[in-house]
Amino acid sequence: MRIRNKDEIADAALDIIAFDGIDKLTMNTLAEHLGVNKASLYHWFKAKEDILDHIFRLGHRRLMARGFRLSLEGSEEEVLSRAAEGWSRIFSAEDTLPYLRAVYSLRYTDERADEEARAIHLMIRSQIDVLISSLGYKEGFISELYSALLIQHLERLLDGGDADFLKDARLFAALLRRSEKN
């Protein structure tokens with residue numbers, strides 16, 4: 001195989017990190033994964049750390065490209081369900097799933113991963129704040145609660161678990177409606 005660009009190497013490195021762990025990422029395992037000579041990797045990157053830097057730049061760019069438009073029309077259930085579905089698509093997309101798995105698995109040991117995980121949480125929180133506010137709720141704890149629920153589901157999805165976003169969006173909407181009556 002002939003390597004065509006840095007992204008090819010980064011994607012292979014991401015697969016290794018996301019599914020086998022950062023400890024398994026070496027220039028040897030990466031070359032083996034790509035089916036190339038280790039020396040050809042050094043044509044593109046000087047060291048493993050340079051590959052990691054490229055992974056974070058590439059992954060962030062891909063994640064930002066996957067953004068979705070918020071639709072504030074409809075009932076609480078419809079609005080919250082669309083947001084949950086949008087984030088679910090981002091977190092499970094073929095081009096972002098390995099990156100997000102790597103970010104979340106490295107967030108306690110790598111400053112870049114921790115920064116990216118915090119940025120993702122902030123993006124989710126900001127969108128949820130807008131959604132909850134558009135539904136007429138001004139209390140910050142409602143946004144915090146739904147954001148925390150959504151982030152928990154997204155992290156479960158990254159761990160390979162099942163996350164029923166729509167069910168919880170419907171339950172959360174019912175909770176909001178019930179709280180209006182009290």
Side-chain angles (χ1 to χ4, degrees), residues 6-34 38 41-42 44-68 80 83-132 140-169 171-172:
K6 287 183 171 188
D7 294 355
E8 234 178 272
I9 297 169
D11 286 336
L14 266 175
D15 284 344
I16 293 168
I17 295 168
F19 299 104
D20 299 323
I22 187 72
D23 295 340
K24 299 292 184 192
L25 179 64
T26 65
M27 293 302 244
N28 285 331
T29 57
L30 185 55
E32 190 176 301
H33 187 83
L34 286 165
K38 184 169 99 171
L41 295 176
Y42 288 104
W44 298 94
F45 296 100
K46 289 180 174 52
K48 176 179 159 181
E49 194 62 29
D50 295 334
I51 296 170
L52 291 172
D53 286 340
H54 188 75
I55 284 171
F56 282 101
R57 282 191 306 276
L58 176 65
H60 184 79
R61 194 169 54 245
R62 286 177 176 168
L63 187 59
M64 294 301 103
R66 281 213 158 264
F68 62 94
L80 296 176
E85 286 175 329
W87 278 104
S88 176
R89 278 191 304 276
I90 289 171
F91 268 63
S92 60
E94 193 174 290
D95 65 338
T96 55
L97 177 63
Y99 175 66
L100 291 168
R101 277 192 173 161
V103 164
Y104 279 83
S105 70
L106 297 173
R107 70 178 177 237
Y108 300 115
T109 59
D110 187 292
E111 190 175 304
R112 296 162 298 196
D114 182 51
E115 186 177 308
E116 185 72 354
R118 283 188 279 130
I120 292 165
H121 289 185
L122 183 60
M123 284 187 294
I124 292 170
R125 175 63 198 273
S126 297
Q127 284 190 346
I128 298 303
D129 283 347
V130 169
L131 293 175
I132 297 296
F141 76 91
I142 294 174
S143 290
E144 287 179 36
L145 186 60
Y146 192 67
S147 297
L149 178 68
L150 184 56
I151 289 167
Q152 178 186 32
H153 280 306
L154 294 171
E155 289 177 357
R156 191 177 313 137
L157 184 68
L158 293 176
D159 286 338
D162 190 24
D164 193 348
F165 293 99
L166 296 180
K167 175 185 166 202
D168 281 346
L171 289 172
F172 198 84

Listed partners of Phe45 passing ring-ring contact (aromatic ring centres under 6.0 Å, His included), at least two apart: His54
With a 4.0 Å cut-off on N to O distance, would you call Asp129 and Arg125 a salt bridge? yes
Rounded to the nearest 0.5 Å, the CD1 atom of Ile90 sits from the CG atom of Asp95 at a distance of 10.0 Å
If you round to the nearest 0.5 Å, how far is CZ of Arg66 from CG of Leu100? 10.5 Å
Sequence neighbours left out, what passes ring-ring contact (aromatic ring centres under 6.0 Å, His included) with Tyr146? Give chain and number order. Phe172
Rounded to the nearest 0.5 Å, what separates atom CZ in Phe91 from atom CZ in Arg156? 13.0 Å
Side-chain donor-acceptor pairs of residues 11-18 under 3.5 Å, sequence neighbours excluded:
unit_1	atom_1	unit_2	atom_2	d
Asp11	OD1	Arg62	NH1	2.6
Asp11	OD1	Arg62	NH2	3.3
Asp11	OD2	Arg62	NH2	3.1

4.5 Å side-chain heavy-atom contact, Ile128 and Ile124: yes
Keeping the roles fixed (side chain from Ser126, backbone from Leu122), state whether a donor-acceptor pair exists under 3.5 Å. yes
Check whether more than 12 heavy atoms from other residues, nucleotides or ligands sit under 6.0 Å from atom CD of Glu85, and answer yes or no. yes
On a heavy-atom basis, which atom in Ala10 and which in Leu58 lie closest, and how many Å separate them? CB-CD2, 3.9 Å
How about Phe56 and Glu115: do any of their side-chain heavy atoms sit closer than 4.5 Å? no
Sequence neighbours left out, what passes side-chain contact (heavy atoms from CB on, under 4.5 Å) with Asp159? Give chain and number order. none
Partners meeting ring-ring contact (aromatic ring centres under 6.0 Å, His included) with His121 (sequence neighbours left out): Tyr104
N/O donor-acceptor pair under 3.5 Å between Arg107 side chain and Ala113 backbone: no
Start with the C-alpha distance between Asp53 and Arg57, add both sets of side-chain angles, then the distance that settles salt bridge (charged side-chain N to carboxylate O under 4.0 Å, His left out), and finish with yes or no. CA-CA 6 Å; Asp53 286 340; Arg57 282 191 306 276; 5.0 Å; no
When every non-hydrogen atom of Lys24 is compared with those of Thr29, the smallest separation belongs to O-OG1, 2.6 Å
For the residue pair Leu41 and Ala31, what are the closest heavy atoms and their distance? CD1-N, 3.7 Å
Asp114 and Glu111, any side-chain heavy atoms less than 4.5 Å apart: no
Interatomic spacing from CG in Leu158 to CG in Leu97 - rounded to 0.5 Å: 6.5 Å
Value for OG (Ser147) from CG (Leu131), rounded to nearest 0.5 Å, stands at 9.0 Å
Please list, chain by chain and in numerical order, all residues satisfying side chain to side chain donor-acceptor pair (under 3.5 Å) with Glu49, sequence neighbours excluded. Arg112
Of the non-hydrogen atoms in Glu116 and Val103, which two are nearest, and what is the gap between them? CG-CG2, 4.0 Å
Could you measure the distance from the CD1 atom of Ile51 to the CE atom of Met27? Nearest 0.5 Å is fine. 4.0 Å
Contact summary for Ile55 and Tyr99, nearest pair of heavy atoms: O-CE1, 3.6 Å
side-chain contact (heavy atoms from CB on, under 4.5 Å), that's the test. Do Leu157 and Ser92 meet it? Break it down for me. CA-CA 7 Å; Leu157 184 68; Ser92 60; 4.0 Å; yes
Is it true that Gln127 and Trp87 share a donor-acceptor pair across their side chains at a distance under 3.5 Å? yes
